[in-house]
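Remarks on the structure that follows.
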Amino acid sequence: MMHFRLGELSDADFIAPLIYDTDPSHFEKAFGKRAIDGIVCLASMNSPINHSHITLCAINEEPVAIFALYSPETMNELVYEKPELRNFPFGPFGLRLFKEYRVLQKAMSMSIRACQRYLGMISVKREFRSVGYGRAILDSLDKTGFEVVLDVSRRNRKALSIYAKCGFRPETELPPEYPLETSVRLKRPSLSIR
(Lines give C-alpha, C1' and ligand atoms only; values in the text may rest on other atoms or scores of the structure.)
Protein backbone atom coordinates (compact mmCIF):
# COMPACT_ATOMS: atom_id res chain seq x y z
CA MET A 1 0.00 0.00 0.00
CA MET A 2 1.24 3.47 -0.87
CA HIS A 3 1.68 6.01 1.93
CA PHE A 4 1.90 9.77 1.49
CA ARG A 5 3.59 12.48 3.51
CA LEU A 6 4.66 16.06 2.94
CA GLY A 7 8.30 16.58 2.06
CA GLU A 8 10.80 17.84 4.60
CA LEU A 9 14.07 19.69 4.15
CA SER A 10 15.94 16.43 4.84
CA ASP A 11 14.25 14.94 1.73
CA ALA A 12 16.01 17.33 -0.69
CA ASP A 13 18.49 14.69 -1.87
CA PHE A 14 15.62 12.35 -2.79
CA ILE A 15 13.37 15.07 -4.23
CA ALA A 16 15.95 16.85 -6.44
CA PRO A 17 16.75 13.98 -8.85
CA LEU A 18 13.04 13.28 -9.32
CA ILE A 19 12.30 16.93 -10.04
CA TYR A 20 15.20 16.87 -12.49
CA ASP A 21 13.63 13.82 -14.18
CA THR A 22 10.40 15.76 -14.80
CA ASP A 23 12.21 17.95 -17.36
CA PRO A 24 15.98 17.33 -17.60
CA SER A 25 16.53 19.57 -20.62
CA HIS A 26 14.91 22.51 -18.84
CA PHE A 27 17.03 22.15 -15.70
CA GLU A 28 20.22 21.52 -17.69
CA LYS A 29 19.54 24.71 -19.63
CA ALA A 30 18.93 26.58 -16.38
CA PHE A 31 21.88 25.24 -14.37
CA GLY A 32 24.18 23.27 -16.65
CA LYS A 33 26.17 20.61 -14.81
CA ARG A 34 24.90 21.96 -11.48
CA ALA A 35 21.24 21.13 -12.21
CA ILE A 36 20.75 18.96 -9.11
CA ASP A 37 22.51 21.56 -6.91
CA GLY A 38 20.16 24.23 -8.25
CA ILE A 39 17.10 22.13 -7.56
CA VAL A 40 18.29 21.36 -4.00
CA CYS A 41 18.68 25.13 -3.40
CA LEU A 42 15.21 25.86 -4.78
CA ALA A 43 13.71 23.07 -2.66
CA SER A 44 15.04 24.83 0.45
CA MET A 45 13.67 28.28 -0.52
CA ASN A 46 10.01 29.28 -0.62
CA SER A 47 9.88 28.47 -4.33
CA PRO A 48 7.18 26.46 -6.11
CA ILE A 49 9.40 23.38 -5.74
CA ASN A 50 9.99 23.91 -2.04
CA HIS A 51 9.93 20.61 -0.15
CA SER A 52 6.77 21.70 1.69
CA HIS A 53 4.82 21.75 -1.60
CA ILE A 54 5.89 18.23 -2.50
CA THR A 55 4.30 15.01 -1.35
CA LEU A 56 6.49 11.91 -1.04
CA CYS A 57 4.98 8.54 -1.85
CA ALA A 58 6.40 5.46 -0.15
CA ILE A 59 5.92 1.71 -0.34
CA ASN A 60 7.01 -0.16 2.81
CA GLU A 61 8.68 3.02 4.09
CA GLU A 62 10.80 3.34 0.91
CA PRO A 63 10.17 6.59 -1.02
CA VAL A 64 9.31 5.76 -4.63
CA ALA A 65 7.73 8.91 -6.06
CA ILE A 66 6.80 12.56 -5.58
CA PHE A 67 4.06 14.88 -6.71
CA ALA A 68 3.12 18.52 -6.16
CA LEU A 69 -0.54 19.54 -6.09
CA TYR A 70 -1.33 23.24 -5.76
CA SER A 71 -4.53 25.07 -4.85
CA PRO A 72 -5.36 28.38 -6.60
CA GLU A 73 -4.56 30.18 -3.33
CA THR A 74 -1.12 28.57 -3.01
CA MET A 75 -0.33 29.36 -6.65
CA ASN A 76 -1.32 32.98 -6.11
CA GLU A 77 0.84 33.24 -2.97
CA LEU A 78 3.83 31.81 -4.84
CA VAL A 79 3.40 34.26 -7.72
CA TYR A 80 3.68 37.23 -5.35
CA GLU A 81 6.35 35.79 -3.05
CA LYS A 82 9.29 38.18 -2.80
CA PRO A 83 12.50 36.16 -2.74
CA GLU A 84 15.13 37.23 -0.23
CA LEU A 85 18.20 38.05 -2.29
CA ARG A 86 20.49 37.00 0.56
CA ASN A 87 19.33 33.40 -0.09
CA PHE A 88 20.97 33.46 -3.51
CA PRO A 89 24.72 32.85 -3.71
CA PHE A 90 26.84 35.58 -5.24
CA GLY A 91 28.06 34.96 -8.78
CA PRO A 92 26.84 33.22 -11.94
CA PHE A 93 25.23 30.28 -10.14
CA GLY A 94 23.26 32.64 -7.89
CA LEU A 95 22.06 34.58 -10.93
CA ARG A 96 20.95 31.35 -12.62
CA LEU A 97 19.19 30.32 -9.43
CA PHE A 98 17.34 33.64 -9.24
CA LYS A 99 16.28 33.40 -12.90
CA GLU A 100 14.96 29.86 -12.42
CA TYR A 101 13.10 30.96 -9.28
CA ARG A 102 11.36 33.60 -11.42
CA VAL A 103 10.58 31.05 -14.19
CA LEU A 104 8.94 28.77 -11.63
CA GLN A 105 7.05 31.71 -10.18
CA LYS A 106 5.74 32.62 -13.63
CA ALA A 107 4.52 29.03 -14.11
CA MET A 108 2.38 29.50 -11.01
CA SER A 109 0.62 32.45 -12.68
CA MET A 110 -1.15 30.05 -15.04
CA SER A 111 -4.44 30.38 -13.20
CA ILE A 112 -6.83 27.58 -12.39
CA ARG A 113 -10.45 27.69 -11.24
CA ALA A 114 -11.54 27.28 -7.61
CA CYS A 115 -12.90 23.78 -8.34
CA GLN A 116 -9.47 22.68 -9.61
CA ARG A 117 -6.07 21.67 -8.25
CA TYR A 118 -2.90 22.01 -10.33
CA LEU A 119 -0.59 18.99 -10.60
CA GLY A 120 2.72 20.81 -11.02
CA MET A 121 4.79 17.63 -11.15
CA ILE A 122 4.71 13.91 -10.72
CA SER A 123 7.76 11.68 -10.88
CA VAL A 124 8.45 8.05 -10.04
CA LYS A 125 11.96 6.70 -9.36
CA ARG A 126 13.26 4.97 -12.47
CA GLU A 127 13.46 1.52 -10.88
CA PHE A 128 9.79 1.75 -9.83
CA ARG A 129 8.35 2.88 -13.17
CA SER A 130 5.89 0.88 -15.28
CA VAL A 131 4.43 -0.97 -12.29
CA GLY A 132 1.42 1.30 -11.66
CA TYR A 133 2.68 3.72 -8.99
CA GLY A 134 2.11 6.79 -11.16
CA ARG A 135 -1.43 5.70 -11.88
CA ALA A 136 -1.99 4.96 -8.17
CA ILE A 137 -0.92 8.52 -7.37
CA LEU A 138 -3.23 9.97 -10.03
CA ASP A 139 -6.10 7.82 -8.78
CA SER A 140 -5.46 8.94 -5.18
CA LEU A 141 -5.95 12.55 -6.29
CA ASP A 142 -9.63 11.74 -6.89
CA LYS A 143 -10.01 11.81 -3.11
CA THR A 144 -9.36 15.57 -3.14
CA GLY A 145 -12.83 16.15 -4.57
CA PHE A 146 -11.36 18.60 -7.08
CA GLU A 147 -10.78 18.47 -10.81
CA VAL A 148 -7.04 17.91 -11.40
CA VAL A 149 -5.32 19.91 -14.16
CA LEU A 150 -1.76 19.73 -15.44
CA ASP A 151 0.38 21.10 -18.25
CA VAL A 152 2.49 18.95 -20.52
CA SER A 153 4.64 19.61 -23.57
CA ARG A 154 2.88 18.89 -26.84
CA ARG A 155 6.01 16.99 -27.88
CA ASN A 156 5.89 14.61 -24.91
CA ARG A 157 3.83 11.92 -26.64
CA LYS A 158 4.53 9.30 -23.97
CA ALA A 159 3.19 11.52 -21.18
CA LEU A 160 0.18 12.54 -23.28
CA SER A 161 -0.63 8.86 -23.88
CA ILE A 162 -0.28 7.97 -20.18
CA TYR A 163 -2.47 10.88 -19.07
CA ALA A 164 -5.13 9.99 -21.67
CA LYS A 165 -5.23 6.41 -20.33
CA CYS A 166 -5.72 7.86 -16.83
CA GLY A 167 -8.78 9.88 -17.89
CA PHE A 168 -7.22 13.28 -18.61
CA ARG A 169 -8.73 15.30 -21.46
CA PRO A 170 -7.73 18.65 -23.03
CA GLU A 171 -8.93 21.69 -21.08
CA THR A 172 -10.92 24.10 -23.22
CA GLU A 173 -11.17 27.01 -20.77
CA LEU A 174 -7.55 28.18 -20.78
CA PRO A 175 -6.17 31.26 -19.02
CA PRO A 176 -5.41 34.14 -21.42
CA GLU A 177 -1.65 33.92 -20.75
CA TYR A 178 -1.47 30.22 -21.67
CA PRO A 179 1.40 29.36 -24.12
CA LEU A 180 -0.62 27.32 -26.62
CA GLU A 181 2.28 26.67 -29.01
CA THR A 182 4.37 24.63 -26.55
CA SER A 183 2.00 23.11 -24.00
CA VAL A 184 -1.38 21.55 -23.60
CA ARG A 185 -3.43 21.71 -20.41
CA LEU A 186 -5.17 18.51 -19.45
CA LYS A 187 -7.85 17.96 -16.84
CA ARG A 188 -9.41 15.02 -15.07
CA PRO A 189 -12.62 15.53 -13.17
CA SER A 190 -12.91 14.19 -9.64
CA LEU A 191 -14.90 10.98 -9.22
CA SER A 192 -17.60 13.08 -7.57
CA ILE A 193 -17.85 15.16 -10.79
CA ARG A 194 -17.57 12.28 -13.30
Side-chain angles (χ1 to χ4, degrees), residues 2-70 74-75 78 93 96-108 110 117-141 148-168 179 182-186 188:
M2 190 173 284
H3 299 278
F4 302 97
R5 70 170 173 81
L6 282 178
E8 299 171 357
L9 187 55
S10 61
D11 296 317
D13 289 335
F14 174 75
I15 291 170
L18 288 177
I19 292 173
Y20 174 81
D21 273 352
T22 63
D23 195 352
S25 62
H26 169 82
F27 290 109
E28 286 172 5
K29 184 178 176 185
F31 298 114
K33 293 179 182 177
R34 295 188 66 189
I36 299 292
D37 294 338
I39 296 168
V40 168
C41 288
L42 290 167
S44 66
M45 298 177 181
N46 195 20
S47 76
I49 60 174
N50 177 276
H51 59 84
S52 66
H53 299 298
I54 295 173
T55 300
L56 270 77
C57 312
I59 302 290
N60 297 326
E61 304 298 321
E62 181 178 359
V64 297
I66 59 170
F67 70 90
L69 192 67
Y70 303 92
T74 299
M75 292 174 73
L78 289 166
F93 180 73
R96 286 177 161 203
L97 196 60
F98 182 76
K99 285 180 180 179
E100 181 60 16
Y101 183 100
R102 300 299 290 187
V103 165
L104 293 169
Q105 246 185 336
K106 185 172 182 185
M108 291 288 108
M110 300 291 205
R117 293 298 178 260
Y118 181 72
L119 183 61
M121 78 177 77
I122 181 171
S123 185
V124 178
K125 276 177 75 172
R126 290 178 188 263
E127 59 266 31
F128 294 102
R129 291 181 184 168
S130 301
V131 293
Y133 293 140
R135 183 175 197 111
I137 292 167
L138 294 172
D139 289 345
S140 76
L141 299 179
V148 175
V149 297
L150 58 89
D151 297 312
V152 65
S153 168
R154 291 178 181 277
R155 290 177 279 178
N156 192 342
R157 298 201 186 283
K158 183 177 181 181
L160 289 168
S161 172
I162 291 168
Y163 290 131
K165 288 176 186 173
C166 291
F168 283 85
T182 59
S183 300
V184 61
R185 177 162 283 181
L186 303 175
R188 184 169 95 163

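Quick note: numbers below take in every heavy atom, side chains included, and nothing from hydrogens, waters or symmetry partners.
Two residues are said to be in side-chain contact when any heavy atoms from C-beta on lie closer than 4.5 Å; Ile122 and Tyr163 meet this criterion. Looking at Leu141 and Arg117, their side chains never come closer than 4.5 Å, going by heavy atoms from C-beta outward.
Among residue pairs with one or both ends in residues 47-68, those qualifying as side chain to side chain donor-acceptor pair (under 3.5 Å) are Asn50-Ser52; sequence neighbours excluded. Applying the salt bridge (Lys or Arg N to Asp or Glu O under 4.0 Å) test to residues at least two apart or on different chains, none of the pairs has a partner in residues 40-58. Within the structure, no pair that satisfies the salt bridge (Lys or Arg N to Asp or Glu O under 4.0 Å) test touches residues 153-164, not counting sequence neighbours.
Taking the ring pair (Phe, Tyr, Trp, His ring centres under 6.0 Å) definition, one finds that Phe98 meets it with Phe88, sequence neighbours left out. Every residue two or more places apart in sequence or in another chain that forms a side chain to side chain donor-acceptor pair (under 3.5 Å) with Ser25 is listed here: Asp23. Residues passing the side chain to side chain donor-acceptor pair (under 3.5 Å) test with Arg135: none are found, sequence neighbours excluded. A search for side chain to side chain donor-acceptor pair (under 3.5 Å) contacts involving Ser183 returns nothing, not counting sequence neighbours. With sequence neighbours excluded, the residues forming a side chain to side chain donor-acceptor pair (under 3.5 Å) with His26 are Glu100, listed by chain and number. The salt bridge (Lys or Arg N to Asp or Glu O under 4.0 Å) check on Arg129 picks up Asp21, with sequence neighbours excluded. Evaluation of the salt bridge (Lys or Arg N to Asp or Glu O under 4.0 Å) rule for Arg185 yields Asp151 as partners, not counting sequence neighbours. Residues passing the side chain to side chain contact (heavy atoms under 4.5 Å, CB included) test with Ala164, sequence neighbours excluded: Arg169.
In this structure, OH in Tyr101 is found 11.0 Å from CD1 in Ile49, a value given to the nearest 0.5 Å. One finds the CZ atom of Phe4 at 10.5 Å from the CG atom of Leu56 (value rounded to the nearest 0.5 Å). Distance CE/Met121 to CG/Leu18: 9.5 Å, rounded to 0.5 Å. In this structure, OG in Ser123 is found 8.5 Å from CD1 in Ile19, a value given to the nearest 0.5 Å.
Although no hydrogens or angles enter the test, the distance criterion places no donor-acceptor pair under 3.5 Å between the side chain of Tyr133 and the main chain of Ile59.
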Inset, instruction - Report the C-alpha separation of Asp11 and Arg5 in whole Å, then their side-chain angles, then the decisive distance to 0.1 Å, and conclude whether the side chain to side chain contact (heavy atoms under 4.5 Å, CB included) test is met. - result: CA-CA 11 Å; Asp11 296 317; Arg5 70 170 173 81; 2.8 Å; yes

Show me the donor-acceptor pairs, under 3.5 Å and distance only, between side chains in residues 27-41 and residues at least two apart or in other chains.
{"from": "Glu28", "atom 1": "OE2", "to": "Tyr20", "atom 2": "OH", "distance (Å)": "2.2"}
{"from": "Arg34", "atom 1": "NE", "to": "Asp37", "atom 2": "OD2", "distance (Å)": "3.4"}

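Smallest separation of non-hydrogen atoms from Ile66 and Ile15: CD1-O, 4.0 Å.
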